[in-house]
Every structure is written in structure tokens, then in C-alpha cells.
Amino acid sequence: MPELPEVETTRRGIEPLLRGRQVEAVRVHDRRLRWPVSPRLARELAGHSIVAVERRGKYLLLRSPGGTLILHLGMSGSLRVCDAGAPRGPHDHLELLLAGGRALRLRDPRRFGAAIWTTADPLRHPRLRDLGPEPLDPAAFDPAWLYRRTRGRRTPVKTAIMDARIVVGVGNIYASESLHLAGIRPSTPAGRLSRPRCARLVDAIREVLEAAIAAGGTTLRDFSDAAGRPGYFARSLRVYGRGGEPCPACGGPVRRTLIAQRATYHCPGCQR
DNA sequence: CGAACCTCCTGCGGGC
DNA sequence: TGCCCGCAGGAGGTTC
């Protein structure tokens with residue numbers, strides 16, 4: 001489910017409620033996430049306060065003096081801050097009980113998400129250390145980088161921009177959206193992109209992600225922010241999920257294809 | 001190294 | 001109404 005805009009929307013929602021707040025206890029209701037939740041988490045986080053809520057790619061980092069909780073929402077995860085006594089759903093697997101009677105809950109029906117506890121530098125954790133640049137940081141993600149990292153690669157450009165070692169945060173929705181905005185066909189071999197087209201694509205990715213964050217993310221089915229509200233970017237989607245509908249730019253029909261087994265949407269008229 | 005493919009898991013909507 | 005199938009926003013792991 002969540003790509004960078006949804007994760008950032010979540011981060012912005014939970015940060016003011018978590019920062020400076022003590023975690024009184026940790027409840028693990030089901031440790032069977034992508035990797036089993038470490039038993040050390042409850043022992044070593046309880047009693048500490050959250051000092052920062054950061055994001056790296058699609059990962060959230062909850063820092064405390066005792067260590068860092070690294071969260072990933074997978075396909076179906078969401079975080080919610082609620083009253084500690086509010087009824088718990090069957091997929092609320094992890095719960096941080098906060099001072100003041102509230103709780104942060106991780107809900108994840110498919111359990112593709114992760115909750116990783118580390119007392120070391122989280123940015124050097126194997127899950128994070130090889131991540132590429134943040135797309136919203138112009139100093140980190142720029143046309144020269146994209147150009148260099150795609151040379152010699154025959155993989156479709158859509159697959160390349162979904163590769164977190166090239167750039168983080170772009171998932172299946174925003175890959176199609178960015179390529180449409182940039183006028184680039186998703187199946188184009190990444191290594192054949194010219195420098196100017198790399199520049200257009202970098203701009204498009206940034207523009208799409210920023211607009212999506214401003215709208216609170218995309219809710220297709222079940223994404224909701226920390227307060228349980230949906231995101232409103234779905235109505236701004238230009239091609240994703242719109243196979244057969246008219247392209248907003250030229251009016252021609254949007255085509256649905258399959259790239260690397262993932263649904264892909266583009267306008268054959270606008271994208272070359 | 002790159003590329004193709006498979007995998008984890010639950011829920012939902014469509015077709016019959 | 002019920003059942004079966006395909007599909008879903010991610011990404012790690014294996015194999016060649």
C-alpha cells in the first residue's frame with residue numbers, strides 16, 4: 001500500500017503525538033510480521049521517550065535513548081494513534097502504550113510489514129544501508145545520478161525507478177504517474193534514457209510525490225493516516241487504475257500493461 | 001553484477 | 001447466496 005507520500009503523511013501525523021512522549025509499555029499481539037518481532041523490543045523500549053520520528057524511504061524510524069524502532073508498512077500496514085482503551089482490531093499486531101493514555105498501533109492485515117528493533121545506528125542497518133537517495137532532496141537525487149545509475153541497464157525504466165537502490169519511495173502507483181508526467185513510456189530500457197529525459201523524470205518524480213504528500217497520500221482501498229483519515233490524491237491520479245479511460249493530457253485511452261508482473265498504466269499517445 | 005521469477009499473507013470484488 | 005479466481009499500494013530471496 002504505502003509509498004513515500006503515505007509514509008510521510010503517517011510520519012507527520014504521529015510525530016507531534018510521539019515526540020517527547022514516554023513509551024510506558026510495548027504490547028506485541030502477533031510477532032509474525034515479515035521478520036519475527038524481537039522480544040528485546042518490549043524490554044528495551046519500555047520506559048524510554050521517543051525523541052524523534054524520522055523517515056528514510058518507506059521506513060519510519062522511532063528514535064529513543066534506548067534504541068530505534070524501524071517500521072515498514074509493507075502492502076497493507078497503517079499506523080494509528082488512539083486512546084489506549086479503544087477496541088483493538090484483529091490485525092493490530094503491535095502497540096506502544098504512551099504516557100497520557102494514548103497508544104500507537106500498527107495494523108497490517110497481510111503482515112508484509114516489519115518492526116525491527118536496533119540499538120545500533122539504524123541507518124547502517126542492513127535494511128537501510130543500501131538505500132538510494134531521497135527523491136525530495138535535490139542535493140541527493142539529481143539527473144546526473146539517475147543517468148549514471150541506469151547506464152547499461154536493460155530493465156524497463158519503470159522497474160528502475162522502483163528500485164530503492166536507485167531512488168527510494170517510488171512504488172507502483174507513483175512510478176506510472178511520474179512516467180506519464182515526464183512523457184516517458186514505462187517499458188523504455190532504463191539505459192537508453194538521454195540526460196534530458198533523466199532530468200525530466202527526476203522533476204516529474206519530485207512533483208508527483210510532493211503533490212501526493214500535499215493531498216495526504218493516495219487511498220485506493222484502505223490507507224488512512226494517523227488519525228484514521230484517508231488521503232485525497234486518488235482523484236488526482238492521471239493514469240494509475242484508469243485503464244481504458246481518457247488520458248487527461250490528450251484524451252486517448254490509457255493502456256494497462258504488465259511490467260515485472262505489476263500493473264502498469266500509460267498513454268501510448270503522450271509517452272514515448 | 002543484472003534480470004527474471006517466486007514468495008510471504010489476507011481481503012475484496014467480479015463472474016458464474 | 002456461495003464459491004472460486006484474480007488481483008492488490010512491497011521487497012527480500014533464489015536462480016541462472
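We name chains A, B, ... by the order of the sequence lines, and we start the count at 1 in each one.
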Hydrophobic cluster identity match, A:Ile205 and A:Val239, side-chain contacts under 4.5 Å: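 Per the 4.5 Å side-chain linkage, A:Ile205 and A:Val239 are co-clustered.
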Under a 4.5 Å side-chain heavy-atom rule over Ile, Leu, Val, Met, Phe, Trp and Tyr, are A:Leu131 and A:Tyr174 clustered together?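 No, because A:Leu131 and A:Tyr174 fall into different hydrophobic clusters, even though each may have its own neighbours under 4.5 Å.
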Can you tell me the distance, in whole Å, between the [atom1] atom of [X] and the [atom2] atom of [N]?
{"X": "A:Leu209", "N": "C:dG9", "atom1": "CG", "atom2": "P", "value": "16 Å"}
{"X": "A:Leu220", "N": "C:dC7", "atom1": "CG", "atom2": "P", "value": "16 Å"}
{"X": "A:Asp163", "N": "C:dA11", "atom1": "CG", "atom2": "P", "value": "10 Å"}
{"X": "A:Leu73", "N": "C:dA8", "atom1": "CG", "atom2": "C1'", "value": "16 Å"}
{"X": "A:Asn172", "N": "C:dG9", "atom1": "CG", "atom2": "P", "value": "4 Å"}
{"X": "A:Arg221", "N": "B:dG14", "atom1": "CZ", "atom2": "C1'", "value": "12 Å"}
{"X": "A:Arg149", "N": "B:dC1", "atom1": "CZ", "atom2": "P", "value": "10 Å"}
{"X": "A:Glu3", "N": "C:dA11", "atom1": "CD", "atom2": "P", "value": "9 Å"}

For DNA chain B, please output the secondary structure as dot-bracket, reading 5' to 3'. Pairs are Watson-Crick or G-U wobble, both atom distances under 3.5 Å; mark crossing pairs with [ ], other-strand partners with |, unpaired with a dot. .|||||||.|||||||
Is a side-chain donor or acceptor of A:Arg151 paired with a backbone partner of A:Tyr147 at a separation under 3.5 angstrom?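 Yes, the answer is positive, given that a donor and an acceptor are paired below the 3.5 Å cut-off.
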Between the protein and nucleotides 5-9 of chain B, which nitrogen or oxygen pairs are less than 3.5 angstrom apart?
residue, atom, partner, partner atom, Å
B:dC9, O4', A:Arg110, O, 3.4
B:dC9, O3', A:Arg111, NH2, 2.8
B:dC9, O2, A:Arg110, NE, 2.9

Side-chain heavy-atom pair A:Leu4, A:Val170 within 4.5 angstrom cut-off: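 The answer is no, as the side chains (C-beta and beyond) never meet within the 4.5 Å cut-off.
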Can you spot which of A:Arg105, A:Arg27, A:Arg102 makes a salt bridge (charged side-chain N to carboxylate O under 4.0 Å, His left out) with A:Glu95?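 Checked A:Arg105, A:Arg27, A:Arg102 against A:Glu95; only one passes salt bridge (charged side-chain N to carboxylate O under 4.0 Å, His left out): A:Arg105.
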Kindly state each residue pair satisfying ring pair (Phe, Tyr, Trp, His ring centres under 6.0 Å) with at least one member in residues 237-272 of chain A, sequence neighbours excluded.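 Output for this query lists A:Tyr240-A:Tyr265.
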By nearest heavy atom, map A:Pro156 and A:Arg32 onto DNA chain B; which one lands nearer the 5' end?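 This one resolves to A:Pro156.
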Under 4.0 Å between any heavy atoms, over every strand shown, what does A:Ala263 touch: base, sugar-phosphate, or nothing? Just pick one.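 Here A:Ala263 touches the backbone only, sparing every base.
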Mind checking if A:Phe233 touches a base, just sugar-phosphate, or nothing, with heavy atoms under 4.0 Å?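 No contact.
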Under 4.0 Å between a side-chain N or O of [X] and OP1 or OP2 of [N]?
{"X": "A:His72", "N": "C:dG10", "value": "no"}
{"X": "A:Arg151", "N": "B:dC1", "value": "no"}
{"X": "A:Arg165", "N": "C:dA11", "value": "no"}
{"X": "A:Arg262", "N": "C:dG9", "value": "yes"}
{"X": "A:Tyr240", "N": "C:dG9", "value": "yes"}

When rounded to the nearest 0.5 angstrom, what distance separates [atom1] in [X] from [atom2] in [Y]?
{"X": "A:Leu73", "Y": "A:Leu60", "atom1": "CG", "atom2": "CG", "result": "6.0 Å"}
{"X": "A:Ser49", "Y": "A:Arg63", "atom1": "OG", "atom2": "CZ", "result": "15.5 Å"}
{"X": "A:Arg200", "Y": "A:Glu207", "atom1": "CZ", "atom2": "CD", "result": "12.5 Å"}
{"X": "A:Arg80", "Y": "A:Arg107", "atom1": "CZ", "atom2": "CZ", "result": "6.5 Å"}

Say we look at B:dA4 and C:dG9: how far apart would their C1' atoms be, to the nearest angstrom?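 Their C1' atoms lie roughly 22 Å apart.
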Which nucleotide sits closest to the side chain of A:Lys58: B:dG11, C:dA11, C:dG13?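 From the listed options, C:dA11 comes nearest.
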